[in-house]
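Every number for a ligand or one of its atoms is a count from 1 in the order of the listing. Values reported hereafter were calculated over all heavy atoms of this structure, with side chains retained and with hydrogens, waters and symmetry mates removed.
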Amino acid sequence: MPDIPSSSDLDVASKLVLLRVDINSPIDPVTKRIVSDARIDKSLPTIRDLADRGARLVVIAHQGDALDYHNLIPTEEHATKLAEKLGRPVQWVDDVAGPEARRRISILVDGDILLLDNIRIYGEELSTFERDVKLTPEQMAATYLVRKLAPLFDVYVNDAFAAAHRAAPSMIAFQRLLPSAAGLLLATEIAGLSRIVDDPARPAVFLLGGLKVSDGFSVMGRVLRDGIADRVLTTGVLGEIFLLADGTPLGQTTERFIAQHDLTRHVAQAEALLAAYRDRIGVPVDVAVIDGGERREIPVAELPSDTLIVDVGESTIRGYEVEIAAAGTVFVNGPAGSYEHRGSDVGTQRLWTAVAAAPGMTAIGGGDTVASAKRFVDLDDIGFVSTAGGALIRFVSGQPLPLLEAFRTYG
Ligand code: 3PG
């Protein structure tokens, strides 16, 4: 891990500080209002700390994306929420790096906080731009956002771990031009997740499920290969893919569902992992379907079933509960079943209850994972709840994160 300077060690009094946070939040499709404040809440300590110490603080953030255009809205409501939660004014301007934003930045006084509008009004900040146009570091520094803003500031602080996988100018270009530091949340995220991958208390159990099967495989490949996981317990569609790899026919309906989601290609990957690490991979021993409105459990030996598999069964749940209770570390990604519906939510509910009660270190992250946990348990009972989704998967999978690379190179 790079040794990134901490924002708390910086003298920020009377300095113009540019702070990049990730307060990208789920938005109600009809009202266009924020439906979860989780990331806003986690951004408060760094904002409060910098403003309390007399910084002239300018906060930048993205909301939504090109493909995620339903969530692409101004950051005005974010400013209102920040002000309420901080108990102090947070100014907002519907501009990012144009004349009005620059004028408002120039008149800030010590302790002022100004949130700029959604930085994704600039195409260079969109993830599709990042994917299609690979900028060199020089080109990054010459983007509109960086050219206009960097000269105004004394210091750059990044607290946006959840966007650490994005090689956007706002994330990785300022480190080259300004003295830079990690905010408190970024430091906490790196420390919390490093504990899981660098030195997990044993046995380390990775409970992986959900429909984002490629995330599960990224994590599994790495944690099994590098000896980080003592056990990987599979649930959800990921578990079904392992059943197929093990030669268990699931039935036409479930196999069609898997094919329609373009997941059949993962069966070969599961076969390879089973061949190399069979004794460290937990595969469901029973599953559940909804038949005539009622939950029906089917032992794996009695598959295939013509009805769609929607959950793991009681024997699988009990076996996993025992392993979770005995674990030194539990990392969870992805729900165990279709947890939004009665009858198919049993595995998700029981396993979250087991994780919340586990005596070992517990860590979770990812939008769907956290949403499913929140439905059944108090998040305060989980040891570490990451704000990140994609960045978390990359971190745990051992893939480089552009933000950390930028700090390593220029920080
Ligand atoms: C996230 O929600 O995962 C982060 O805010 C990154 O957002 P993005 O996927 O739109 O870049």
Side-chain angles (χ1 to χ4, degrees), residues 19-29 32 34-44 46-47 59-75 77-78 81-82 96 115-135 140 143 145 158-173 182-183 185-186 188-190 192-193 210-212 214-216 218-219 333-334 363-374 384-397 399-406:
L19 170 65
R20 170 61 156 108
V21 294
D22 189 335
I23 47 176
N24 186 27
S25 304
I27 303 298
D28 183 290
K32 294 288 174 190
I34 295 170
V35 293
S36 164
D37 292 359
R39 283 188 176 158
I40 294 175
D41 290 340
K42 295 268 184 130
S43 73
L44 299 175
T46 302
I47 296 175
V59 184
I60 51 173
H62 74 279
Q63 172 61 57
D65 199 2
L67 299 176
D68 187 21
Y69 65 92
H70 295 292
N71 289 332
L72 204 53
I73 60 161
T75 54
E77 193 191 353
H78 304 66
K81 283 186 178 282
L82 284 170
V96 175
L115 175 65
L116 303 179
D117 201 357
N118 187 350
I119 48 176
R120 283 192 172 157
I121 64 174
Y122 298 138
E124 62 206 29
E125 285 289 324
L126 295 170
S127 65
T128 41
F129 180 96
E130 178 196 334
R131 191 194 58 208
D132 296 339
V133 187
K134 305 266 178 261
L135 295 183
M140 279 270 174
T143 54
L145 180 85
N158 190 301
D159 211 19
F161 179 73
H165 57 313
R166 297 290 179 219
S170 68
M171 293 296 294
I172 64 167
L185 176 63
L186 177 57
T188 306
E189 291 269 15
I190 294 173
L193 296 174
L211 189 55
K212 282 193 190 158
S214 57
D215 283 358
S218 300
V219 170
N333 191 258
I364 72 169
D368 209 23
T369 306
V370 175
S372 73
K374 230 167 128 174
F384 185 77
V385 181
S386 174
T387 54
L392 165 84
I393 295 299
R394 291 231 202 150
F395 187 94
V396 178
S397 306
Q399 297 168 38
L401 287 169
L403 173 64
L404 304 188
E405 297 291 309

> For Lys81, does the NZ atom sit with more than 12 other heavy atoms under 6.0 Å from it, leaving out its own atoms?
Replying inline: yes
> Relative to ligand 1, is Arg39 under 4.0 angstrom through side chain, backbone, both or neither, heavy atoms considered?
Replying inline: side chain
> Does any N/O atom on Asp68 come nearer than 3.5 Å to any N/O atom on ligand 1?
Replying inline: no
>> Minimum heavy-atom separation for Leu403 and Ala160, please, with both atom names.
In response: CD2-O, 4.2 Å
> Which atoms of ligand 1 are found less than 4.0 Å from any heavy atom of Asn24?
Replying inline: 1 (C), 2 (O), 4 (C), 5 (O), 7 (O)
>> Assess the residue pair Asp159 and Thr46 against the criterion (side-chain hydrogen bond (donor to acceptor under 3.5 Å, both in side chains)); give the C-alpha distance rounded to whole Å, side-chain angles, the decisive distance to 0.1 Å, and a yes or no.
In response: CA-CA 8 Å; Asp159 211 19; Thr46 302; 2.7 Å; yes
>> Asp65 vs Arg120, test: salt bridge (charged side-chain N to carboxylate O under 4.0 Å, His left out). Steps then yes/no.
In response: CA-CA 7 Å; Asp65 199 2; Arg120 283 192 172 157; 3.7 Å; yes
> So is Ser127 close enough to ligand 1, meaning a heavy atom under 4.0 angstrom away?
Replying inline: no
> Mind checking whether Arg120 has a heavy atom under 4.0 Å from ligand 1?
Replying inline: yes
> Of all the non-hydrogen atoms in the protein, which one sits nearest to atom 5 (O) of ligand 1, and at what distance?
Replying inline: Asp22 OD2, 2.6 Å
> Nearest protein heavy-atom contact for atom 6 (C) of ligand 1: which residue, which atom, what distance?
Replying inline: His62 NE2, 3.6 Å
> Does a donor on one side chain and an acceptor on the other come within less than 3.5 Å for Gln63 and His78?
Replying inline: yes
>> I need the atoms of ligand 1 closer than 4.0 Å to a non-hydrogen atom of Arg166, numbered in the order shown.
In response: 8 (P), 9 (O), 11 (O)
> Can you find a side-chain donor-acceptor pair between Ser25 and Arg39 that sits under 3.5 Å?
Replying inline: no
